[in-house]
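Before any comments, here is the structure.
Each chain gets a letter, A, B and so on, in the order its sequence line appears, and its residues count up from 1. Because only heavy atoms are used, hydrogens play no part in the values below, and waters and symmetry mates are left out as well, while side chains stay in.
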Protein chains: 2
Amino acid sequence: MEQAQELFKTFLHDHGQKYTEERRIVLEVIESFDRPFEAEELLLALRRQQHRVSKATVYRTLKHLVECLLVNQIFFGTGKQSYYDFVGTQRGHDHLVDVQTGKIIPFSSPEIAALRDRIAREMGFTPVAHRFQILGKPTGNPREAH
Amino acid sequence: MEQAQELFKTFLHDHGQKYTEERRIVLEVIESFDRPFEAEELLLALRRQQHRVSKATVYRTLKHLVECLLVNQIFFGTGKQSYYDFVGTQRGHDHLVDVQTGKIIPFSSPEIAALRDRIAREMGFTPVAHRFQILGKPTGNPREAH
DNA sequence: CTAATTGCAAAGACTTTGCTGTGCT
DNA sequence: AGCACAGCAAAGTCTTTGCAATTAG
């Protein structure tokens, strides 16, 4: 069994909850995403793969995954829905948001992580996660359309 | 007239929009907040000061303020609503979120701003704003309640 | 003057919840 | 048996929008 599944199973068990087939499938599909996704995308991906998991279960499972830190819940403000980001992947989990198109570009910055740890410690906290977004416009396009 | 009001007025004018009394009042009240606030809080503060501004106008005005970068819209995920942060204040605009209580503590980090500028440039973007949140739990309270 | 704005209530988008029947353990 | 679950549809929360009257420039 993969590491993320193991972690999830243990987390659920420790909280008196069950590692059900639906939850396993949801995490499995999430692991296949290579960028932040919306709840609706996840639901569609499940359906495409012939898995019958209800919307309610998807939302409930996402909540559990966020709690156990396997998934980071992010709000970009490009719509009103949440995005979810599977933390197990190798790619970056910080994001640049193109304010002109709403496109989200993940990147990685070890400096951010180091800064996060230092700042949290200085403020008397133990860091659990962070969210870092840069809003920007493509250089060379400095003019705004009125 | 204060600087923020000037900026707002100019922004509105440049976009063929009007600097109305309602918009002036909304910005005025926003300037009095010393931490991120919700739309509802703003509405209540307006009412408390005997100002009759509708909810629709509050939301519409917030949207304009966000567009002209006087206000940063932030999503903490502690509820499903947006928070708004007036950028004109001196205090920090990065935030530490206590995951145990949901409390939001602003802080300031020049390094984050520098990092933001460098990363955006390297990726071919001009930074417009950023959002940085650290989720953490108070040190010395490492144990989670089950 | 006349396009932009306001307030209100209704509509909308996304998420959560109550309930009923199932399934682990 | 006994608690946790899944699915469904209804309810909820926050935000946006249509419309008629009003106002800034």
Side-chain angles (χ1 to χ4, degrees), chain A residues 8-30 36-44 46-47 50-68 71 73-84 102 146, chain B residues 1 5-6 8-30 36-47 50-68 71 73-84 102 146:
Chain A
F8 192 29
K9 183 172 180 178
T10 302
F11 171 85
L12 289 170
H13 181 262
D14 290 353
H15 289 250
Q17 300 178 328
K18 295 172 183 172
Y19 180 63
T20 64
E21 179 62 8
E22 285 84 355
R23 291 175 179 175
R24 192 189 66 69
I25 294 285
V26 168
L27 177 51
E28 183 176 303
V29 172
I30 285 176
F37 57 92
E38 306 159 27
E40 189 65 21
E41 274 179 83
L42 174 53
L43 197 59
L44 290 177
L46 285 160
R47 296 255 185 284
Q50 318 293 330
H51 294 124
R52 206 156 295 281
V53 181
S54 72
K55 179 175 293 193
T57 295
V58 164
Y59 275 106
R60 287 192 274 235
T61 303
L62 280 170
K63 181 175 281 189
H64 291 135
L65 288 167
V66 168
E67 274 171 31
C68 80
V71 168
Q73 185 173 6
I74 313 177
F75 310 82
F76 290 112
T78 50
K80 40 186 132 179
Q81 76 285 67
S82 287
Y83 280 77
Y84 298 88
H146 288 190
Chain B
M1 188 190 278
Q5 293 284 357
E6 286 284 12
F8 193 29
K9 183 173 180 178
T10 302
F11 172 85
L12 289 170
H13 181 263
D14 290 353
H15 289 250
Q17 300 179 326
K18 295 170 182 172
Y19 181 63
T20 65
E21 179 62 7
E22 285 85 355
R23 290 175 179 173
R24 191 188 66 68
I25 293 287
V26 168
L27 177 50
E28 183 175 304
V29 173
I30 285 176
F37 58 92
E38 306 160 27
E40 190 65 22
E41 273 179 83
L42 174 51
L43 197 58
L44 290 176
L46 285 160
R47 296 256 186 285
Q50 316 295 330
H51 294 123
R52 205 156 296 282
V53 181
S54 72
K55 179 176 292 191
T57 294
V58 164
Y59 275 106
R60 286 190 277 234
T61 303
L62 281 169
K63 182 175 280 189
H64 292 135
L65 289 166
V66 168
E67 275 172 29
C68 79
V71 168
Q73 185 173 7
I74 312 177
F75 311 82
F76 290 112
T78 49
K80 42 185 131 181
Q81 76 284 66
S82 286
Y83 280 76
Y84 298 88
H146 286 191

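Atom NE2 in B/His64 sits about 15 Å away from atom C1' in D/dA24, given to the nearest Å. Between the CD atom of B/Glu41 and the P atom of D/dT15 there is a distance of 12 Å, given to the nearest Å. The NE2 atom of B/His51 sits 17 Å away from the C1' atom of C/dG7 (whole-angstrom rounding). The nearest whole Å value for the distance from the NZ atom in B/Lys63 to the P atom in D/dC14 is 18 Å. Distance A/Phe75 CZ to C/dC14 P: 14 Å, rounded to the nearest Å. Note: NE2 (B/His15) to P (C/dT5) measures 12 Å, nearest angstrom. The distance from atom CG of B/Asp14 to atom P of C/dA4 is 15 Å, rounded to the nearest whole Å. Note: CG (A/Leu62) to P (C/dC14) measures 15 Å, nearest angstrom.
For the side chain to side chain donor-acceptor pair (under 3.5 Å) with B/Gln81, the qualifying choice from B/Glu40, B/Glu38, B/Glu41 is B/Glu38, the only one to do so. Paired with A/Phe76 under the rule ring-ring contact (aromatic ring centres under 6.0 Å, His included), one option of A/Tyr84, A/Tyr83, A/Phe37 passes, and it is A/Tyr83.
Of all nucleotides listed (C/dA3, D/dA6, D/dT15), D/dT15 comes nearest to the side chain of B/Lys55. Considering only side-chain atoms of A/Gln17, the nucleotide from C/dG7, D/dT15, D/dC5 that sits closest is D/dC5. Closest approach to the A/Lys18 side chain among D/dC3, C/dG7, D/dG7 is made by D/dC3 (side chain taken as heavy atoms from C-beta onward). The side chain of B/Lys80 lies closest to C/dT16 when the candidates are C/dG7, C/dT16, D/dA6.
Taking 4.0 Å as the cut-off between side-chain N and carboxylate O, B/Lys9 and B/Glu6 do not count as a salt-bridged pair.
Within the 4.0 angstrom heavy-atom criterion, no nucleotide atom of any strand lies near A/Gly79. Residue-level contact check: B/Arg52 touches the backbone only, with heavy atoms under 4.0 Å from sugar-phosphate atoms and none from bases.
Note on B/Arg60: every side-chain N or O is 4.0 Å or more away from OP1 and OP2 of D/dT16. Within the structure, every side-chain polar atom (N or O) of A/Tyr59 is placed at least 4.0 Å from both OP1 and OP2 of C/dT16.
Note on ring orientation: taking the six-membered ring where Trp is involved, the planes of B/Phe75 and A/Phe75 are parallel (angle under 30°, cut-offs 30° and 60°).
DNA chain D is contacted by both B/Ala56 and B/Thr20; B/Ala56 maps to the nucleotide lying nearer its 5′ end (nearest heavy atom per residue). Remark on DNA chain D: of its neighbouring residues B/Gln73 and A/Glu21, the 5'-side contact belongs to A/Glu21, judged by nearest-heavy-atom nucleotide.
Side-chain contact between B/Leu62 and B/Ile30: present, with at least one pair of heavy atoms (C-beta onward) separated by less than 4.5 Å.
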